[in-house]
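Shown next, in structure tokens, is the structure this report addresses.
In what follows, residues are counted from 1 in the order of the sequence shown. No hydrogens, no waters, no symmetry mates; every other heavy atom, side chains included, goes into these values. What you see is a predicted model; the values in this text were computed from it and never measured. Remember, it's 1-based here, ligands and their atoms both numbered in the order they're listed.
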Amino acid sequence: MSRFWSPVVQTLTPYVPGEQPQMQRLVKLNTNESPYGPSPKALAAIEGQNTADLRLYPDPEGAALKQAIAKLHGLDANQVFVGNGSDEVLAHVFAGLLKQSKPVHFPDITYSFYPVYCKLFGINAQIVPLDENFEIKTADYQTPNGGIIFPNPNAPTGRSIPRSEIEVLLLRNKDSVVVIDEAYVDYGTESCIPLLRGANCPENLLVVHTLSKSRALAGLRVGFAVGHPALIEGLERIKNSFNSYPLGRLAQAGAVAAIEDQAHLEATSAKVMQTRAKLIEQLNALEFATLPSTANFIFTRHPKYAGAKLYQVLRDRGIIVRHFKSPRIEEFLRITIGTDEQSNELVTALKEILS
Ligand SMILES: *Cc1c(COP(=O)(O)O)cnc(C)c1O
């Protein structure tokens, strides 16, 4: 606390990211990073950059990256916005599209950065509870609102809803923006991006992606949003009033190559989905109750072992998972899907702990 803080700083409750411990030989299953690493072509593109060019500013528009994203998804380049991680993109979305006189609607259990942005930008939020099975019910979002945002699949539950349900929501919610945060879409969820193609692109749908999860580039900091060109223009206005150069030269070069290597994404995502199915089976054999997941993590609880306790005993064995001390989900652990070896280490530890 300092008397020089502005009034808004005093009221903030900053987001707390999952820890990045420096200990060696950890089984790190707490922040949903990919265990397989990025496309080798992305790494080659970064290494191939002329470092002498780093004295020059990068392309402020990220034109090559927008072009690559547009091509991959069958969109026009003016439907693409890029930023320094999707967290930055989401910040601009809250400031530029979701700050309205009516409250923004999002689930009670969801990505915990959303309420943080609301505080930062002075946005009223209306919290919409998930149902008793931890599912998003789009019918619950049809009261007057200044915007709707949720991840699909949701985090930290891992549950997803079909695209057809979001289409119905869009038809019933024409007067505000609907933002779908598809951070984990590549592990078995239907993307809403096809709805944005061609002349029928809805005016009020924005889809946000990150290269941090399925493209294994959390350390590069690249995310993007796609939607109607007028929504993108609004985001550009915010971005150019904040930081004209959010993506450096290395980030842009690596991201273009990563976006172009769809084969690497598909192979590594398939492997994660295989490991996920096997892990859920093994956990169920140990009496865990695991929510269905279409993400690279699972959300699970044991009927006889408190979430906080299990988190701690796993940690004592060098296995780091995520536990949230929040209402409704205190008994759950969120476990990132790692390699088969990491998964086996986890299951072996749990068998010992529970026996
Ligand atoms: C990880 C995550 C993000 C942010 O990813 P960046 O690393 O900032 O691109 C956004 N939304 C959800 C739901 C996430 O889990």
Side-chain angles (χ1 to χ4, degrees), residues 14-20 28-35 37-38 42 62 65 69 80-95 98 104 106-118 120 130 134 136 148-161 166 178-189 191-192 206-226 235 239 242-243 246-248 251-252 254-255 258-259 265 269 272 291 293-299 321-322 324 326 329 332 334-337:
Y15 177 74
V16 184
E19 56 179 330
Q20 299 292 347
K28 187 175 178 305
L29 304 175
N30 68 329
T31 49
N32 301 340
E33 290 140 332
S34 163
L65 179 54
I69 292 165
V80 184
F81 178 80
V82 296
N84 189 259
S86 64
D87 285 340
E88 185 188 76
V89 174
L90 288 165
H92 294 336
V93 168
F94 274 82
L98 300 177
V104 58
F106 54 77
D108 58 341
I109 297 159
T110 193
Y111 188 36
S112 45
F113 226 133
Y114 302 159
V116 174
Y117 293 129
C118 286
L120 175 61
L130 300 180
F134 297 96
I136 290 174
I148 295 170
I149 181 166
F150 55 80
N152 194 37
N154 195 13
T157 64
R159 299 205 76 152
S160 55
I161 59 174
I166 294 170
V178 175
V179 182
I180 309 297
D181 181 349
E182 293 190 346
Y184 302 103
V185 76
D186 294 315
Y187 305 100
T189 302
S191 174
C192 284
L206 193 80
V207 179
V208 179
H209 275 213
T210 175
L211 274 66
S212 298
K213 311 286 168 46
S214 56
R215 296 204 190 255
L217 286 167
L220 201 63
R221 310 305 305 132
V222 183
F224 62 89
V226 288
L235 296 175
K239 171 246 174 194
F242 177 76
N243 177 5
L247 290 181
Q252 292 190 36
I259 292 289
L265 171 105
S269 300
V272 165
L291 298 185
S293 169
T294 59
N296 68 339
F297 57 85
I298 53 162
F299 207 47
V321 300
R322 192 98 196 249
F324 299 90
S326 313
I329 57 169
F332 283 84
R334 192 195 70 188
I335 306 174
T336 302
I337 305 301

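Evaluated by nearest non-hydrogen atom to atom 8 (O) of ligand 1, the leading choice among Lys213, Arg221, Glu88, Glu33 is Arg221. Of the options Tyr111, Tyr184, Tyr114, the smallest heavy-atom separation from atom 15 (O) of ligand 1 is shown by Tyr184.
Below 3.5 Å of separation, one finds an N or O of Asp87 facing an N or O of ligand 1.
Between Phe113 and Tyr15, the angle of the ring planes stays under 30°, which puts this pair in the parallel group of the 30/60° scheme. Relative ring orientation between Phe332 and Phe299 is described as parallel, the plane-to-plane angle staying below 30° on a 0-90° scale split at 30° and 60°.
Ion pairing between Glu88 and Lys239 fails under the 4.0 Å rule for side-chain N and carboxylate O.
Residue contacts with ligand 1 for Ala183 involve side-chain atoms from C-beta outward but no N, CA, C or O (heavy atoms, distance under 4.0 Å). Here Phe113 has no heavy atoms under 4.0 Å from ligand 1, in either its backbone or its side chain. Only side-chain heavy atoms of Asp181 come within less than 4.0 Å of ligand 1; its backbone N, CA, C and O stay farther off.
The protein non-hydrogen atom at the shortest distance from atom 5 (O) of ligand 1 is Ser86 OG, 3.2 Å.
Residues Ile109 and Thr157 meet the side-chain proximity criterion, which asks for heavy atoms closer than 4.5 Å. Asp181 has its side chain out of reach of Asn152: every pair of non-hydrogen atoms, C-beta onward, lies at least 4.5 Å apart.
In summary, the atoms of ligand 1 found under 4.0 Å from a heavy atom of Gly85, numbered by their order in the structure, are 8 (O), 9 (O). Residue Ser212 has at least one heavy-atom neighbour below 4.0 Å for each of these atoms of ligand 1: 6 (P), 7 (O), 9 (O).
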### Task
Take Asn154 and Thr110 through the side-chain hydrogen bond (donor to acceptor under 3.5 Å, both in side chains) test and state the conclusion after the steps.
CA-CA 6 Å; Asn154 195 13; Thr110 193; 3.0 Å; yes
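Tyr184 and Asn32 share a side-chain donor-acceptor pair at under 3.5 Å.
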